[in-house]
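Encoded as structure tokens, the structure appears first; notes follow it.
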Amino acid sequence: METGLRQFEAIAQALAEAIACGVYRPGDRLPSIRQSSRTHGVAMGTALRAYDELEARGLIEARARSGYFVSAPRVARLPEPEQTTPARRSTPVEVSELVFRLLDEIKIAGFAPPGSAFPSPELFPLATLSRVAASAARRLDRWSSVRDLPPGNAELRRLIAKRYQLHGCAVQPDDILITNGALEAIGLSLQALTRPGDAVAIKSPTFYATLQAIERLGLRAVEVATHARTGIDLSELERAIRTQRVHACILMTSFQNPLGSTLDDDKKRDLVALLQRHSVPLIEDDVYAELHHGALRPRPAKYFDRSGQVLHCGSFAKCLAPGFRVGWVAAGRWHEAVRRLKLMTSIATASIPQAALASYLRDQPFDRHLRSLRASLASQLQSMVTAIDRYFPPGCRASRPEGGYLLWVELPEQIDALQLHAQAEKEQISIAPGPLFSPQRRYRNCIRLNFGHPWTGAMEAAMRRLGELITAAR
Ligand SMILES: Cc1ncc(COP(=O)(O)O)c(C=O)c1O
């Protein structure tokens, strides 16, 4: 990680990650302050400040005359949300102004970021990427503007295909179309599969940018009940398909935004079989695939697809290069249709970011970066759940994603997340209120929180303040 954190925050972050990964287990003694100050080459006061920070987060505790020990995790008390129960009718989509306000507020320097959909840039190898991009720009083939026309840079597609192969997915370079981020991939896929007025099945709640893509194309959304741990309810999905003439289904199958849920392998296989039985194509938004906190990368539904009916959308925005705006789709039977739409929409994706990413994937330690990124996210999740447990009033529930950097909090029934957002905004704390994630404007007492930022004193203070606001509103 190339971090802009202060020294004590960086030491606290490193120790928190070691605790999250199980290097230090509950009850283990941590190195003494003196040892830590030597290890990190800092003053004793700086090491002490790092330990104070971890103690304040509830990750460690000081025992008189014995040193510092890893605390037992406190998070078990906090229950998880139940399965959602959206109305079964299809709805036209009109995403509120609030989405645009949220996007504006997270741009303001000094705003606490839990409402943002973006992970912190601190977590990415930006200096290496700049160097690689400068060198790729200097070496750029002068015919790249023509050669990189859709489907896109051949070397980048080869390297993406290699990662699919690594995970057992039979996707070839010619199956891949490079896009301007996953959002373009999703939008083009939807456009290839539907006509205005068609119904699209989505999990409920669903990421607001997906809702905006549905809105932009004049489609109708059918929200399907979803569980915060196990994902979409397949019998409800089948019922929706039987009763509503669904033309496509858009789902995240791993670490979904905003709930954090993941379908296990059996459920992914059943999902693909169900959709195939009904001839409904699946747009699989898998932008967090690389962000698993555990050892194994979950398989995508695409893995189980034998008929080319899954359009699998990926991106480098969340795992490597946030500002490059490079994503892709392996669109199966719709590859050529989506390629033509891409040509008609934005002609091509810029050559330099494509060349830079190809060079990075070929020559730089992508997997090492990913290991460090995953460890940071896992430790930040623990800090966030601990903070919710500590500062939020009784009656709250929080999801426990096994990857990604977003979780979902159900607040007590009487709390209005839109009012809470307005109050928090005045104090420069951003949160994403539940109604943004549902065309039926449900989830009024829910919020989505982002733990994709290094856990600093400012983050802790923002969570404490949010807890106070929620407690006062009860
Ligand atoms: C779930 C989900 N899908 C798609 C996107 C868009 O990805 P990209 O930035 O690659 O367009 C995002 C970005 O926030 C996301 O969270």
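As a basis for the values below, the full set of heavy atoms in this structure was taken, side chains included, without hydrogen atoms, waters or symmetry mates. Order of listing sets the numbers, starting from 1, for every ligand and every atom in it.
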Part of [X] within contact of ligand 1 (heavy atoms, under 4.0 Å):
X: Arg325; value: side chain
X: Ala317; value: side chain
X: Gln256; value: neither

* Asked: Under 3.5 Å between some N or O of ligand 1 and some N or O of Leu183?
  ->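 N/O-N/O distance below 3.5 Å exists for this pair.
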* Can a salt bridge be assigned to the pair Arg277 and Glu238 using a cut-off of 4.0 Å between side-chain N and carboxylate O? -> yes
* Does Glu184 come within less than 4.0 Å of Lys342, counting only side-chain N to carboxylate O? ->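 Yes, charged N to carboxylate O under 4.0 Å.
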Heavy-atom donor-acceptor pair, [X] side chain to [Y] backbone, under 3.5 Å:
X: Asp305; Y: Val310; value: yes
X: Lys267; Y: Thr230; value: yes
X: Arg374; Y: Leu291; value: no

* Does ligand 1 have an atom under 4.0 Å from some heavy atom of Tyr288? -> yes
At a 4.0 Å threshold, what atoms of ligand 1 neighbour a non-hydrogen atom of [X]?
X: Ser315; answer: 8 (P), 10 (O)
X: Ala182; answer: 7 (O), 8 (P), 10 (O), 11 (O)
X: Asn257; answer: 1 (C), 16 (O)
X: Met252; answer: 1 (C)
X: Lys318; answer: 9 (O), 12 (C), 13 (C), 14 (O)

* For atom 12 (C) of ligand 1, closest protein heavy-atom neighbour ->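 Nearest protein contact, heavy atoms only, for atom 12 (C) of ligand 1 is Phe207 CE2, 3.4 Å.
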* Structure fact -> Among non-hydrogen protein atoms, atom 4 (C) of ligand 1 lies closest to Asp285 OD2, 3.5 Å
* Asked: Among side-chain atoms of Asn445 and Glu410, is any donor-acceptor pair under 3.5 angstrom?
  -> no
* For the residue pair His369 and Phe124, categorise the inter-ring angle as parallel (less than 30°), tilted (30 to 60°) or perpendicular (more than 60°). => tilted
* Structure fact -> Result for ring-ring contact (aromatic ring centres under 6.0 Å, His included) between Tyr405 and one of Tyr288, Phe451, Phe255 points to Tyr288
